[in-house]
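Below is one structure; the comments refer to it alone.
Ligands are counted one by one from 1 in listed order, and the atoms in each one are counted from 1 as well. As the structure is a computational prediction, the values presented were derived from the model and not from experiment.
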Amino acid sequence: MATIIDGRKLAADLNAETAQRVADLKKRGIVPGIAVILVGDDPASVIYTRNKDRKAKKLGIRSILKRFPADARQSEVLASIQEFNNDDQINAILVQSPLPDQLDETSLVQAIDPAKDVDGFHPLNVGKLYANEEGNYPIPCTPRGIMTMLNKYQVPVAGSNVVIIGRSNLVGKPMLSLLTNANATVTMINHLTADPQYYTKNADLLIVGVGHPKFVQAKDIKPGATVIDVGINRQSDGHLVGDVDFDQVKTVADKITPVPGGVGPVTIATLMQQTVDLAEWSEQDAARKAVNC
Ligand code: GUN
């Protein structure tokens, strides 16, 4: 029977570290700040953004949840991003997706100051991760959180065969970069891949984010594999399930994340961690500029 990767415990540990770092920054007169922009009232997005806002405040981070009606115009949201770009009290800006159809998400993300891009979605930060650049820059929070999980549970990455199911900008593609940069052999497949089992049966580590309940079953898994489930699907009875048939797959895998209580809490904890990273980097940047003056 597989070891269950306890995302709630990992998140609690990470949050405790983040709270300590916030306290240390406050001693130096700095309060990290995050601004979350939510357009419309998509029920899942309302819950996610409320959770982010509450967690930030609990950790001592200044948090602004800026809401717009579903019919907001591009220029209004853009003006809000520019305001936060110019606000010294805000280190991190996040535009919650999905956005209503009339808004152009690409140009909104490109308007965020790359140094405040806490999601790591700005093309400059995407490019830095792809190129495995050294130095400080934000990385999409779910993939970064998964790397933390693998590290904490001592899942080998270098030299492993990894299969990622799903090619999203949010998870699949940054995950590919992180794992490739860490010397894994990575194969990325999607919902149209012919014979997905051909790939998944050979994976030491399988990462699944396709948005289909029970997409991955025990027969798809290499015995002893680690399985990371990024899916969040709400059943008709209101229950949340992942993309992996958890009850079956846990009998074959060596380690597995549950849904809920796996990747989700670690993603929010990583968002908080990265907000504090951005505040620290901004402080370091200001100190460097002061020396060079
Ligand atoms: N919607 C679902 N997950 C995310 C996320 O990580 N960032 C943003 N901006 N929107 C999301």
Task: Val162 and Val157: CA distance, side-chain angles, deciding distance, side-chain contact (heavy atoms from CB on, under 4.5 Å) verdict - done: CA-CA 8 Å; Val162 185; Val157 171; 5.5 Å; no
TODO: Locate the shortest heavy-atom distance separating Val163 from Ala203; write the atom from each residue and the value.
DONE: CG2-CB, 3.7 Å
Task: Lys/Arg-Asp/Glu bridge criterion (N-O < 4.0 Å) met for Asp41, Arg67 - done: no
Please give the N or O to N or O pairs under 3.5 Å between ligand 1 and the protein, distances rounded to 0.1 Å.
from     : atom 1 : to     : atom 2 : distance (Å)
ligand 1 : 1 (N)  : Gln96  : NE2    : 3.1
ligand 1 : 1 (N)  : Ser97  : O      : 2.9
ligand 1 : 7 (N)  : Asp119 : OD1    : 3.1
ligand 1 : 7 (N)  : Asp119 : OD2    : 3.2
ligand 1 : 9 (N)  : Val95  : O      : 2.8
ligand 1 : 9 (N)  : Asp119 : OD2    : 2.6
ligand 1 : 10 (N) : Ser97  : N      : 3.0
ligand 1 : 10 (N) : Ser97  : OG     : 3.2

TODO: Report yes if the side chains of Tyr153 and Thr3 come closer than 4.5 Å at any heavy-atom pair, otherwise no.
DONE: yes
Task: Gln82 and Asn86 side chains, donor-acceptor separation under 3.5 Å - done: no
- [ ] Could you tell me which non-hydrogen atom of His212 sits nearest to which non-hydrogen atom of Asp243, and how far apart they are?
- [x] N-OD1, 3.2 Å
